[in-house]
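These notes concern the structure reproduced below.
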Amino acid sequence: MSRFGKAKANNVDSLAGFRAQKKDTVISHGVLNAARKSGQLNLSSRGLSEVPQNVYRLNIDPPEDAHQNVSFDASDRWWEQTDLTKLLLSSNQLTHLSDDIRLLAGLNILDLHDNQLSSLPSALGELQELHQLRLSHNQLTSLPEELCTLKNLRSLTIQQNLLESLPEQVGHLENLSELDLSRNHLKGLPSSLGCLIGLQKLNLCHNKLTCLPDSLRQLKNVKMLDCSNNQLTHIPASLSEMVALEQLYLRHNKLCLLPRLSAPTLKELYVGNNQIEQLETEQLECLTAISILELRDNKLKTIPEQITSLSTLTRLDLTNNDITTLLASLSLLPNLKVLLLEGNPLRGIRRDLLTVGDTNTEQQPLKHRNDPLKLHSLILLFTDIMIKACSTSMTNSSKQADQIPNELFDAAAGEDVTTANFSKNQMTSIPSRLVEFHASLSDINLGFNRLTCCSPDICKLLNLKHIDLRNNQLDELPPEMKNLTKLCSIILNYNRFRFFPEVLYHIVTLETVLLGNNQVSAVDPNRLMKLDHLSTLDLSNNDLLNIPPELGLCTNLRCLILDGNPFRTPRAAILAKGTDAVLEYLRSRITT
């Protein structure tokens, strides 16, 4: 029996999809026939205000040319063709979804992100084969209870909506492994959230949560929990029972104390931008597996000696606190690779951190040390106080180095240096000895110098992930930079670029490009679209006379900054609405 005969046998309403029919965009027969063969239909970015009826009826109606093709030897044996399993409707102008969505019962993936949906039909609960449901960047204020009956759902992404609460039945989604509720208006969470025992990734950032339900302790498989940008004042100790937790993000909350968590697998803890004034011994002793500890932008005045118990620590971020003295005991951390201290009122670097020796013998230079410290990061940041402390050629902090002393490179020789910060100096060229660390260097900061050209030597640092070249005098980048196949971010603000650097179009790993406050007059959106990972693009305060509408097709962008350019459209009122509104406006200007 053909699948159309089966539809009748199963009493499918053959008139469904025609009731209250409106004139609207009709998808071509060629596109629909291709979907019948592949089981996949991509209608993203087509300006649709509603889903065409022939899409809803794709599994029921035979092809338009079926009567012309009844040969058993024909290549298009339409009666054997597959039901739709993947439907992509993202980046349109959909304001509602019809109950006729139930006719596509075989869907595994339904993508509705970046539309104008304010509600969802209850019929969505009949799509029992659904594995992925993408609803981000809409205007949803609530979720239908029927959605919670989707027993096979693995991934549910609802970020950037207007949700204020979740149905208690959300706990019925027992096979869910990823749940993204970020950037909504949630003030609380249902206790049933703890029933999602298959969950591995839970994103709750950018909401209005003041507390977390105790039931989260039941989430034994969650590896990543993001609660950043909420209003949390404390974290329940019961989170320690989340025995698989590896990454915990608590940035931008109202925490006064470091959470006391004894989760045995916790490797990364991010608590920057809170109100933490001190670290307690009990809190630190719990972090037995910690590798990354971010404490930046708090109110810490001292670091307790107990921090030396964190033997697995590789990165410690203490930026922008009130620390005046650096502990010598930090040198006892055997695996510490990166130590960030900028923005603290340090009165000096203690000499016993720079040299070492037995109390009964003459002190030896750092490079001759036999203790566990390994200078994995050039933590002797060449900024202000650090230059004065480390360079005998500098007599006060108002003078800045025009070159980096060889002694610093000698001290780090043979070590796996991962981070180098030579910002806020007077350098006119990039230190040539940086290539000595080509095997390990991943992060380099050369901002606030006087660089007029970027040496091709930097392109030999093939492990670079982050480059900061802001506030220099650069007007081009070397073409060899395309060899940096791991580069994720580059900061070029406040230079002299007149065009978007050509080589950046070829670095497909880029996620962040900051090019504000230059003289850029044009950008090629068609080439930007090939940068699949690019999510942040800053072109503010340049010389852009017009913004190409095709830039709106760069749907991976989550942050696009265009302020301060001389173009007339988009107008300031649209720019003020944010990236999504700007991209939508640009797409609406594309001529077909």
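Just so we're clear, the structure is a prediction, and the values are computed from it rather than from any experiment. Numbering starts at 1 and runs along the sequence shown.
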What are the two closest non-hydrogen atoms of [X] and [Y], and how far apart are they?
{"X": "Leu196", "Y": "Leu219", "result": "O-CD2, 3.3 Å"}
{"X": "Ser311", "Y": "Pro334", "result": "O-CG, 3.6 Å"}
{"X": "Leu232", "Y": "Cys227", "result": "CD1-CB, 3.9 Å"}
{"X": "Leu469", "Y": "Cys454", "result": "CD1-SG, 4.3 Å"}
{"X": "Pro431", "Y": "Leu446", "result": "CD-CD2, 4.3 Å"}
{"X": "Phe500", "Y": "Val523", "result": "CD1-CG2, 4.0 Å"}

Is the number of heavy atoms from other residues, nucleotides or ligands within 6.0 Å of [atom1] ([X]) greater than 12?
{"X": "Glu145", "atom1": "CD", "result": "no"}
{"X": "Leu162", "atom1": "CG", "result": "yes"}
{"X": "Tyr494", "atom1": "OH", "result": "no"}

Look up atom [atom1] in [X] and atom [atom2] in [Y], then write down how far apart they are to the nearest 0.5 Å.
{"X": "Asn230", "Y": "Lys187", "atom1": "CG", "atom2": "NZ", "answer": "13.0 Å"}
{"X": "Leu451", "Y": "Asn425", "atom1": "CG", "atom2": "CG", "answer": "10.0 Å"}
{"X": "Leu248", "Y": "Met242", "atom1": "CG", "atom2": "CE", "answer": "8.0 Å"}
{"X": "Ser423", "Y": "Asn449", "atom1": "OG", "atom2": "CG", "answer": "7.5 Å"}
{"X": "Glu268", "Y": "Thr314", "atom1": "CD", "atom2": "OG1", "answer": "8.0 Å"}
{"X": "Lys486", "Y": "Ser442", "atom1": "NZ", "atom2": "OG", "answer": "9.5 Å"}

Candidate pair Gln283 and Arg260, rule side chain to side chain donor-acceptor pair (under 3.5 Å), full reasoning: CA-CA 5 Å; Gln283 299 162 340; Arg260 185 173 181 177; over 6 Å; no

Flag, side chain of [X] to backbone of [Y], donor-acceptor distance under 3.5 Å:
{"X": "Asn493", "Y": "Arg470", "answer": "no"}
{"X": "Asp538", "Y": "Leu515", "answer": "no"}
{"X": "Ser91", "Y": "Asp114", "answer": "no"}
{"X": "Asp443", "Y": "Thr419", "answer": "no"}
{"X": "Asn221", "Y": "Lys223", "answer": "no"}
{"X": "Asn321", "Y": "Lys299", "answer": "yes"}
{"X": "Asn274", "Y": "Lys254", "answer": "yes"}
{"X": "Asn298", "Y": "Gln275", "answer": "yes"}
{"X": "Asp180", "Y": "Ser182", "answer": "yes"}
{"X": "Asp563", "Y": "Ser540", "answer": "no"}

Pair Arg251 + Glu294, salt bridge at N-O below 4.0 Å: yes

Salt-bridge contact Arg296-Asp317 (side-chain N to carboxylate O under 4.0 Å): yes

Candidate pair Asn518 and Asn542, rule side chain to side chain donor-acceptor pair (under 3.5 Å), full reasoning: CA-CA 5 Å; Asn518 278 276; Asn542 276 283; 4.8 Å; no

May I ask you to check whether [X] and [Y] show a side-chain donor-acceptor distance below 3.5 Å?
{"X": "Asn138", "Y": "Asn161", "answer": "no"}
{"X": "Gln218", "Y": "Glu241", "answer": "no"}
{"X": "Ser291", "Y": "Thr312", "answer": "no"}
{"X": "Glu178", "Y": "Ser155", "answer": "yes"}
{"X": "Gln159", "Y": "Arg183", "answer": "no"}

Residue pair Lys577, Tyr585: steps toward the side-chain contact (heavy atoms from CB on, under 4.5 Å) verdict: CA-CA 11 Å; Lys577 293 180 179 180; Tyr585 170 82; over 6 Å; no

Does the side chain of [X] reach to within under 4.5 Å of the side chain of [Y], using non-hydrogen atoms?
{"X": "Ser489", "Y": "Asp468", "answer": "no"}
{"X": "His185", "Y": "Thr141", "answer": "no"}
{"X": "Leu514", "Y": "Thr536", "answer": "yes"}
{"X": "Ile292", "Y": "Leu269", "answer": "no"}
{"X": "Asn175", "Y": "Leu173", "answer": "no"}
{"X": "Leu340", "Y": "Arg315", "answer": "yes"}
{"X": "Thr418", "Y": "Leu441", "answer": "no"}
{"X": "Ser177", "Y": "Leu199", "answer": "no"}

Result of checking Pro264, Ser262, Pro259 against Cys286 for side-chain contact (heavy atoms from CB on, under 4.5 Å): Ser262

Verdict with supporting geometry, Asp214 and Ser238, side chain to side chain donor-acceptor pair (under 3.5 Å): CA-CA 7 Å; Asp214 199 49; Ser238 59; 2.7 Å; yes

CA sep, side-chain torsions, deciding dist, call: Thr233, Leu255, side-chain contact (heavy atoms from CB on, under 4.5 Å): CA-CA 5 Å; Thr233 56; Leu255 302 177; 5.6 Å; no

Derivation and outcome, side-chain contact (heavy atoms from CB on, under 4.5 Å), residues Asn445 and Ile491: CA-CA 9 Å; Asn445 188 344; Ile491 304 176; over 6 Å; no

Pair His137-Arg558, side-chain contact (heavy atoms from CB on, under 4.5 Å): steps then yes or no: CA-CA 10 Å; His137 295 83; Arg558 287 292 166 257; 3.3 Å; yes

Aromatic plane relationship, Phe409 with Phe437 - under 30° parallel, 30 to 60° tilted, over 60° perpendicular: parallel

Steps toward side chain to side chain donor-acceptor pair (under 3.5 Å) verdict (Ser228, His252): CA-CA 6 Å; Ser228 300; His252 292 276; over 6 Å; no

